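Quick caveat, the model's predicted, so the values are computed rather than measured. No hydrogens, no waters, no symmetry mates; every other heavy atom, side chains included, goes into these values.
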Amino acid sequence: MNKYLKLLFAFSLVAFAAACSDDDPVINDEEEKIYRDSRAEQNLLRAMAMVDTAIEGYCEDGSMKMSRYYNPFTDTASSEVASIWMYTASIEAVNAILEGLVAMKDKGSSSLYDQHFSRYVALLDEMYDGALFYTGTFELTSFTQTKSWTVYAVDRSDGVGGADVTGILNVYDDQEWLVREFLVAYDVTGDSKYLQQAEYLTDYVLDGWDCTLDSNFDEHGGIPWGPGYTTKHSCSNGPMVSPLVWLHEHYKNSSEEITYRYIDTDNRRKTRTVKKSDYYLEFARKIYGWQKEKLMTADGVYNDMLGGGTGRIVYEEVDGVTYRAYTREESQAGPPISYNSGSMLSGAADLYRVTGESEYLTDLRELTDASFSYFASYDADNDIYIYDITGFRNWYNGVLMRAFVDATPYYSGAAAGVESFQKNLDYGYDNFVYNNLLPTNLLVGWNRDSGKNDTECINLFALAAEYAVLAKYELDN
């Protein structure tokens, strides 16, 4: 039986198996592998086609200036430029493709890797350079020091390094998503520039940790949304957990040290030097613990933020030096959004993987079930799960899907969540794909008025990234 007949046979068996009871062994291991490998390849090919078409539609040549909207039916892009968060979604999609290509090669199928890996590495380099148009430099007085930082602004500037990053014009969560993608980029390419930038931004984010002390000399904890905010958000805390675990793993066998600043019980700012691996893991634990304590809801998922105070940043002087002071937060605010639970679920998976501590495994199982129950609504008539896709929620949901993937090695119950995304993507692709692109609503399709199909870049790249992540998932399983 030739390769293609085997694939057809495997797909037929899988379709037949779906109609059979769980006790009826229809497919053997070899046939299951053929099916999974073929689905992985299909997922990856679709992701690549989507990204290639999207880059051409959304981005200007040379500088990678990215439009926020693109209409594939009219082939027009908006004059409104994407924010750094939206831009990072495109880096995420390319990283996921590169990871999928490596996984296929590692499983013994190197054809797609040989054809495409180097060109996506080159595209990643272009994206890294394009992101520099969002960078700017400013001086920040934090809880422990005043220091000049070069970070990423919300908005793109006309020149490299020229962005305004003062006040509320940069936020910590934007830096955190970039840290995540730079670490993935380093892992998949080995290019040290990604690791260096990831660690620099990590230093900046952790400088925002509220290390002021309460009456029991415990840290108040939490990272504000940005240096210009007092509210502490799920999105400025949870996304940092996994990257910190990855940095811990990178330095686990290294004696390299880091010196950081903290507040002692006498309220003086002091320094301490520790091993990098210990520092990063301890901070991952602290951030995870803070968010679990402060932002989990009665439904077992995570609320949006902790706020309700004055909203004014206040300062104090210690030994004649000015520092940022504690601002009281009063209450949680919602609603729960899927990515906030997703980042914590991925964090629990990573913390359990490196520590083996049962607390994180328990959290992982409970959060998996709670998230699937809360964010996915089952449509029995059509045998699908429906997720809210308003606003930026395709990207939010993609973070949750990735978390389900991260959880599956430790909890088989996460597989249902993963499969719900695969099914929705395939339905959208089989019924509505247009010029390699998918509509925001995978279950309904495009607007009948072609002029009303302006599509957010972040949503489009999120769907491409999902397909690529699912390709690797199939290979790993």
Side-chain angles (χ1 to χ4, degrees), residues 36 39-40 43 92 95-96 99-100 103 176-177 180-181 183-184 187 234-235 237-246 248-249 281 284-285 287-289 291-292 295-297 299-303 336-378 385 387-388 393-425 462 465-477:
R36 283 196 172 275
R39 188 154 81 161
N43 286 343
E92 176 190 2
N95 273 337
E99 289 185 300
E176 292 170 27
W177 296 118
R180 185 193 186 283
E181 294 311 320
L183 288 176
V184 174
D187 183 60
S234 286
C235 70
N237 286 274
M240 202 63 213
V241 177
S242 286
L244 285 168
V245 174
W246 302 346
H248 156 75
E249 291 178 288
L281 181 58
R285 289 178 180 274
I287 294 172
Y288 180 91
Q291 182 157 326
K292 181 182 175 183
L295 289 171
M296 180 175 279
T297 70
D299 293 308
V301 294
Y302 284 91
N303 242 331
I337 306 173
S338 55
Y339 76 142
N340 292 329
S341 294
S343 64
M344 286 292 282
L345 178 53
S346 290
D350 283 321
L351 282 167
Y352 177 68
R353 176 167 49 79
V354 299
T355 69
E357 294 175 10
S358 60
E359 172 194 354
Y360 298 120
L361 180 59
T362 299
D363 288 353
L364 180 152
R365 290 170 173 165
E366 292 178 353
L367 185 53
T368 295
D369 292 342
S371 297
F372 193 40
S373 174
Y374 190 92
F375 296 110
S377 176
Y378 184 59
Y385 283 93
Y387 294 84
D388 183 359
R393 280 174 170 77
N394 266 333
W395 186 85
Y396 296 152
N397 297 338
V399 176
L400 181 60
M401 188 211 77
R402 189 169 62 217
F404 287 148
V405 169
D406 292 340
T408 51
Y410 315 109
Y411 180 45
S412 61
V418 178
E419 187 60 30
S420 71
F421 281 90
Q422 177 77 62
K423 195 167 186 176
N424 287 357
L425 282 167
E466 287 178 19
Y467 253 138
V469 170
L470 288 168
K472 186 175 183 299
Y473 170 80
E474 293 292 343
L475 294 167
D476 290 343
N477 284 275

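The line from OG of Ser343 to CZ of Arg180 is 10.5 Å long, rounded to the nearest 0.5 Å. Expressed to the nearest 0.5 Å, how far CG of Asn397 lies from CH2 of Trp395 amounts to 11.0 Å. Annotation: the span from Met401 atom CE to Ser420 atom OG amounts to 9.5 Å, rounded to 0.5 Å. One finds the CZ atom of Arg353 at 4.0 Å from the CD atom of Glu249 (value rounded to the nearest 0.5 Å). In this structure, CZ in Phe404 is found 12.0 Å from CG in Leu470, a value given to the nearest 0.5 Å. Note that the CG atom of Asn237 and the OH atom of Tyr302 stand 11.0 Å from one another [nearest 0.5 Å].
For the pair Ser371 (side chain) and Thr368 (backbone), a donor-acceptor distance under 3.5 Å is absent. Judged purely by atom type and a 3.5 angstrom limit, Ser341 has no side-chain atom pairing as donor or acceptor with the backbone of Ser338. Between the side chain of Thr408 and the backbone N or O of Val405, at least one donor-acceptor pair lies under 3.5 Å. Judged by distance alone, with hydrogens and angles left aside, the side-chain atoms of Asn95 form a donor-acceptor pair with the main-chain N or O of Glu181 at under 3.5 Å. With hydrogens and angles ignored, the 3.5 Å screen pairs a side-chain donor or acceptor of Ser234 with a backbone N or O of Asn303.
At a cut-off of 3.5 Å, with distance as the only test, no side-chain donor of Gln291 or Asn340 sits close to an acceptor on the other residue.
For the pair Pro336 and Val301, the tightest heavy-atom approach, listed with the atom from each and the gap, is CB-CG2, 3.8 Å. Ala415 and Tyr473 get closest at one heavy-atom pair: CB-OH, 3.9 Å. Across all their heavy atoms, Ile337 and Arg393 have their closest contact at CG1-NH2, 4.3 Å. Closest of all the heavy-atom pairs between Ala349 and Tyr410 is O-CE1, 3.9 Å. Considering every non-hydrogen atom in both Ile287 and Gly238, the closest pair reads CG2-N, 4.5 Å. In plain terms, the two heavy atoms of Ala96 and Ala465 that are nearest each other are CB-O, 4.0 Å.
Partner of Leu351 under the side-chain contact (heavy atoms from CB on, under 4.5 Å) criterion, chosen from Leu361, Asp363, Leu281, Leu364: Leu281.
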Please step through side-chain contact (heavy atoms from CB on, under 4.5 Å) for the pair Val184 and Trp246, ending with a clear verdict. CA-CA 9 Å; Val184 174; Trp246 302 346; 4.0 Å; yes

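Applying the ring pair (Phe, Tyr, Trp, His ring centres under 6.0 Å) rule to Tyr374 yields no partners; only residues at least two apart in sequence or on another chain are considered. The salt bridge (Lys or Arg N to Asp or Glu O under 4.0 Å) test applied to Arg402 returns Glu92, not counting sequence neighbours. Contacts of Phe421 classified as ring pair (Phe, Tyr, Trp, His ring centres under 6.0 Å), with partners at least two apart in sequence or in another chain: Tyr387.
Annotation: Tyr360 is in aromatic contact with Tyr288 [ring centroid separation under 6.0 Å].
Contact of the Glu366 side chain with the Met296 side chain is not registered, since no non-hydrogen atoms from C-beta on lie closer than 4.5 Å. Residues Tyr339 and Trp177 are in side-chain contact: their nearest non-hydrogen atoms beyond the backbone lie under 4.5 Å apart.
We find that Lys472 and Glu99 are not joined by a salt bridge, their nearest charged nitrogen and carboxylate oxygen being 4.0 Å or further apart.
Between Tyr378 and Tyr385, the ring planes are tilted. Angles from 30° to 60° get that label.
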